[in-house]
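What follows is one structure encoded as structure tokens, with my remarks underneath.
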Number of protein chains: 2
Amino acid sequence: MQPDTRGQLLAAAKRQFAAKGFYGASISGVAGELGLSKQALLYHFKRKEDLYAEVLQEISERLLRFMRAAVSRADVPERQLEDILLGLYVSSRENPLDTQILVRELLDNQSRAETAKDWYLRPFLEELVAVARGIPGLEDRAFSAVFCIVYQVIGCIQYFAISSPTLTRMYDEQAFERIRDDFPVELRNQIRRLVASSGGA
Amino acid sequence: MQPDTRGQLLAAAKRQFAAKGFYGASISGVAGELGLSKQALLYHFKRKEDLYAEVLQEISERLLRFMRAAVSRADVPERQLEDILLGLYVSSRENPLDTQILVRELLDNQSRAETAKDWYLRPFLEELVAVARGIPGLEDRAFSAVFCIVYQVIGCIQYFAISSPTLTRMYDEQAFERIRDDFPVELRNQIRRLVASSGGA
DNA sequence: CATCCTACTTACCGAACGGTAAGTGTCAAG
DNA sequence: CTTGACACTTACCGTTCGGTAAGTAGGATG
């Protein structure tokens with residue numbers, strides 16, 4: 001087994017970008033995490049932006065794989081929606097760095113010159129809206145309304161994910177553990193209320 | 001009326017910090033927005049962190065004022081909760097820069113050496129939980145559960161706020177306008193479902 | 001008219017940044 | 001034994017960063 005420096009660099013870069021953002025992270029810092037010089041990194045990735053782009057691509061691919069898997073474990077749309085969204089929560093807990101980077105991207109891509117036409121979350125988002133519109137009671141509603149409903153759930157998941165470190169330090173460890181345990185329960189409740197009210201009304 | 005350079009510098013700093021974050025923004029860039037040299041800025045604010053701290057303080061004070069006003073327009077807790085949260089949405093739309101900075105702070109303060117014990121949102125958050133626990137059906141639930149419920153709503157509001165620029169460019173202008181119009185409606189629905197299910201159960 | 005404060009300016013500093021150029025050791029192939 | 005690709009290294013470059021020091025124009029005060 002070779003050292004796989006490239007992969008390790010990508011992992012280190014993910015940590016750095018997640019913690020300090022694109023501007024705050026430095027390529028020498030990333031390389032330094034592995035005890036390498038920054039030129040070793042520049043050998044593998046010609047420019048800082050290339051490195052960042054690759055980190056972003058990895059994340060977006062993982063997200064897409066996750067969603068396709070969730071959709072293919074198909075059932076009735078109600079269950080599908082719940083599964084995907086709860087899965088997204090689990091995913092955000094398992095890959096906190098990814099979530100941090102995604103939210104940072106949301107904040108930064110306005111100041112950088114990015115298209116945002118091909119936003120990595122876009123296919124994920126639209127697939128999810130399509131699933132939601134398969135639910136009786138939501139199928140005849142406007143795209144924009146269903147979009148909002150779905151986006152609200154995604155938003156609270158991702159926001160909670162990036163809040164966790166701060167909340168941990170705000171309350172003590174075990175108080176936050178209770179919160180973290182209750183979160184998916186209340187998330188599920190929220191989704192079920194939403195589905196129920198759509199079906200009922 | 002004097003030029004009030006200091007205030008203008010704070011406003012410019014807010015724009016810069018919101019757009020590029022603490023690391024990405026430069027004091028020379030902030031001063032340059034007003035056609036001043038960076039030493040002019042350093043005359044008013046000894047260090048970059050002082051400038052940032054003051055921006056943060058302004059935001060947190062505005063937020064606290066807003067919340068106290070919302071709470072004092074008291075009614076039954078159900079209405080109070082809805083008013084505050086919908087007000088928070090309006091506030092986040094009126095002050096998008098503030099929201100961007102708050103979310104950035106959420107991401108950054110882990111890497112900087114900040115206490116997070118006295119997080120600017122903490123009093124806001126706990127007041128809100130207290131209000132929520134005044135609602136029949138929620139009063140006997142655990143603090144952590146009510147916290148999660150409240151935090152979910154806050155999360156989806158703030159997440160939507162920071163998403164708006166990206167969403168605008170993702171869809172065309174008028175498609176996003178429909179989304180933006182539907183959002184508070186669906187937000188209200190979400191809150192009412194939540195209150196209703198608490199009271200009902 | 002001299003003095004002092006305010007609100008800046010230009011000049012300068014060391015450190016860190018992203019990035020280029022050129023060299024070096026290792027190792028497999030011809 | 002030589003060649004050449006690979007995976008780095010040290011050396012260097014120009015720019016930008018936050019921050020210090022010293023100077024200065026304008027106005028109020030004595």
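Numbered from 1 within each chain, the chains take letters A, B, ... in sequence-line order.
- Rounded to the nearest 0.5 Å, atoms CG (B/L107) and CD (B/E105) are 9.5 Å apart.
- Between B/R62 and B/E58, no side-chain nitrogen of the basic residue sits less than 4.0 Å from a carboxylate oxygen of the acidic one, so the salt-bridge criterion is not met.
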Exercise. Scan nucleotides 8-20 of chain D nucleotide by nucleotide, 5' to 3', and note B when protein non-hydrogen atoms come under 4.0 Å of the base, S if they reach only the sugar-phosphate, - if neither.
Key: BBBB-----SBBB
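- Note that the CG atom of B/L10 and the OH atom of B/Y52 stand 13.5 Å from one another [nearest 0.5 Å].
- A salt bridge is defined here as a Lys NZ or Arg NE, NH1 or NH2 lying under 4.0 Å from an Asp or Glu carboxylate O, and B/R104 with A/D108 meets this definition.
- Going from atom CZ of B/F45 over to atom C1' of C/dA7 covers 13 Å, rounded to whole Å.
- A salt bridge does not link A/R73 with A/D83: none of the charged nitrogens is closer than 4.0 Å to a carboxylate oxygen.
- Rounded to whole Å, the distance from CG on A/L51 to P on C/dC17 is 14 Å.
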